[in-house]
Amino acid sequence: IEYNNLTNCVKMLGADFFVFLLVMVIAIGLLFMMVWHLIMVDELKNDYRNPVDFSSNLNMLILPEYGLHVFITLLLLGFGYWFTFAWNAPLVGYHVWRYLKRPTMSGIGVYDPTVVMNRTNLTFYSREGFIKLGFYVISFLIYLYNMMVALVVALT
């Protein structure tokens with residue numbers, strides 16, 4: 001009986017609603033990653049954290065962040081949401097470029113502990129974090145709007 005209720009719910013609300021619900025949940029995770037990034041940069045600027053700790057903590061978030069963002073972009077492309085795909089594609093391109101131009105290191109990630117304390121690099125990391133945070137906030141609002149539109153269309 002519960003299976004029928006679940007399938008009826010999915011049929012009633014449609015796939016669009018659930019696509020944007022999933023994308024919104026992932027966007028919330030990306031927002032938390034950006035807040036963590038900005039906190040770590042601020043701690044490094046104020047000497048509360050050492051460069052090795054900074055690099056190891058942020059490098060472990062690079063592939064999940066990039067992977068989740070690529071997943072969102074491909075999911076939106078697969079369901080034919082061209083505007084949201086076009087909105088996300090430049091940041092995916094930037095992520096690919098950033099990862100390909102990373103410093104030579106033995107592990108994964110883009111933060112090299114030997115150069116993160118450079119003032120220019122710290123300013124860049126801070127700006128990058130704020131820009132990406134703004135991008136993810138606007139993206140979340142776009143996804144929320146699209147989810148509400150899908151819900152209204154499904155229920156009318």
Side-chain angles (χ1 to χ4, degrees), residues 13 15-153:
L13 294 177
D16 296 341
F17 173 77
F18 289 104
V19 166
F20 280 107
L21 183 65
L22 174 65
V23 168
M24 276 183 38
V25 169
I26 293 172
I28 290 169
L30 291 171
L31 282 168
F32 282 120
M33 285 183 189
M34 281 305 97
V35 170
W36 178 256
H37 176 270
L38 290 171
I39 290 170
M40 294 292 290
V41 169
D42 186 57
E43 287 181 351
L44 184 65
K45 277 184 182 178
N46 295 320
D47 286 334
Y48 296 133
R49 190 164 298 271
N50 65 38
V52 174
D53 193 29
F54 169 84
S55 298
S56 65
N57 282 329
L58 284 184
N59 280 338
M60 71 179 182
L61 290 179
I62 292 298
L63 289 183
E65 178 197 348
Y66 291 2
L68 286 172
H69 194 243
V70 166
F71 174 73
I72 285 175
T73 306
L74 293 177
L75 184 68
L76 293 170
L77 176 64
F79 277 88
Y81 295 105
W82 298 106
F83 172 74
T84 50
F85 169 75
W87 170 257
N88 282 289
L91 187 58
V92 169
Y94 174 75
H95 285 160
V96 169
W97 174 82
R98 179 99 158 91
Y99 197 77
L100 292 177
K101 297 294 182 182
R102 67 191 180 111
T104 305
M105 300 183 307
S106 59
I108 61 171
V110 295
Y111 301 102
D112 184 9
T114 60
V115 296
V116 294
M117 284 300 287
N118 184 344
R119 181 172 278 299
T120 307
N121 291 342
L122 281 175
T123 304
F124 173 76
Y125 300 149
S126 181
R127 278 193 191 136
E128 179 186 43
F130 278 115
I131 290 170
K132 286 168 66 173
L133 179 66
F135 177 87
Y136 289 138
V137 166
I138 293 170
S139 296
F140 176 79
L141 295 173
I142 290 170
Y143 305 148
L144 179 64
Y145 173 78
N146 284 328
M147 185 186 78
M148 296 312 259
V149 167
L151 184 62
V152 167
V153 166

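For the numbers below, each heavy atom of this structure counts, side chains included, while hydrogens, waters and symmetry mates do not. Starting from 1, each residue takes its place in the sequence as its number. Just so it is clear, the structure is predicted and the values come from calculations on it, not from any experiment.
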**OP:** Answer yes or no: is there a side-chain heavy-atom contact under 4.5 Å between D47 and M117?
**Re:** yes

**OP:** Mind checking the CZ-NE2 spacing from F130 to H37? Nearest 0.5 Å is all I need.
**Re:** 10.5 Å

**OP:** Please report the C-alpha distance between E128 and Y94 in whole Å, then the side-chain angles of each, then the deciding distance to 0.1 Å, and finally whether the side chain to side chain contact (heavy atoms under 4.5 Å, CB included) criterion is met.
**Re:** CA-CA 11 Å; E128 179 186 43; Y94 174 75; 2.8 Å; yes

Original post:
Below 4.5 Å, heavy atoms only, C-beta onward: do Y136 and L91 meet side chain to side chain?
Top reply: yes

Original post:
Does a side-chain heavy-atom distance below 4.5 Å link F71 with L22?
Top reply: yes

Subject >> Lys NZ or Arg CZ of R102 over Y99 ring: under 6.0 Å, within 45° >> reply: yes

Original post:
Between G129 and M34, which heavy-atom pair has the shortest distance, and what is it?
Top reply: O-SD, 4.1 Å

**OP:** Could you tell me whether the side chain of V153 reaches within less than 4.5 Å of the side chain of V149, counting heavy atoms only?
**Re:** yes

Subject >> Over 12 foreign heavy atoms within 6.0 Å of CH2, W87 >> reply: yes

**OP:** Please examine the side chains of V23 and F79, heavy atoms only from C-beta on, and report whether any two atoms are closer than 4.5 Å.
**Re:** no

**OP:** Step through the shown structure and confirm whether more than 12 heavy atoms of other residues, nucleotides or ligands are within 6.0 Å of CE on M148.
**Re:** no

Subject >> Separation of Y66 OH from L30 CG (nearest 0.5 Å) >> reply: 11.5 Å

**OP:** Measure the shortest side-chain to side-chain distance between L76 and Y143 over non-hydrogen atoms and say whether it is less than 4.5 angstrom.
**Re:** yes

Subject >> Heavy-atom neighbours of Y145 OH exceed 12 at 6.0 Å >> reply: no

**OP:** Mind listing the closest non-hydrogen atom pair of A27 and I72 along with its distance?
**Re:** N-CD1, 4.3 Å

Original post:
Are any non-hydrogen side-chain atoms of M40 and Y111 less than 4.5 angstrom apart?
Top reply: no

**OP:** Would you mind telling me which of L58, N121, N50, V116 makes a side chain to side chain contact (heavy atoms under 4.5 Å, CB included) with L44?
**Re:** V116

Subject >> Aromatic plane relationship, Y81 with F20 - under 30° parallel, 30 to 60° tilted, over 60° perpendicular >> reply: perpendicular

Original post:
If only atom types and distance count, is the side chain of D42 paired as donor or acceptor with the main-chain N or O of L38 below 3.5 Å?
Top reply: no

**OP:** Taking the side chain as every heavy atom from C-beta outward, state whether L77 and W82 have any atom pair closer than 4.5 Å.
**Re:** yes

**OP:** Kindly say whether L122 contributes a backbone atom to a donor-acceptor pair with the side chain of S126 at under 3.5 angstrom?
**Re:** no

Original post:
Yes or no on side chain to side chain contact (heavy atoms under 4.5 Å, CB included) for K132 and E65, after CA distance, side-chain angles and deciding distance?
Top reply: CA-CA 11 Å; K132 286 168 66 173; E65 178 197 348; 2.7 Å; yes

Original post:
Which pair of non-hydrogen atoms, one from Y125 and one from R98, has the smallest distance, and what is that distance?
Top reply: CE2-NH2, 3.6 Å

Original post:
Between N46 (side chain) and Y48 (backbone), is there a donor-acceptor pair under 3.5 Å?
Top reply: no

Subject >> Separation between CG of L133 and CD1 of I138, rounded to the nearest 0.5 Å >> reply: 10.0 Å

**OP:** Work out which heavy atom in A150 is nearest to a heavy atom in F17; give both atom names and the distance.
**Re:** CB-N, 3.8 Å

Original post:
About how many Å separate CG of L21 and CD1 of I26, when rounded to the nearest 0.5 Å?
Top reply: 10.0 Å

Original post:
Going through the distances and angles, do E43 and I39 end up as a side chain to side chain contact (heavy atoms under 4.5 Å, CB included)?
Top reply: CA-CA 6 Å; E43 287 181 351; I39 290 170; 3.9 Å; yes

Original post:
If every non-hydrogen atom of P51 is compared with every non-hydrogen atom of P113, which pair is closest and at what distance?
Top reply: CB-O, 3.5 Å

Subject >> side chain to side chain contact (heavy atoms under 4.5 Å, CB included) between M147 and L144, worked out >> reply: CA-CA 5 Å; M147 185 186 78; L144 179 64; 4.2 Å; yes

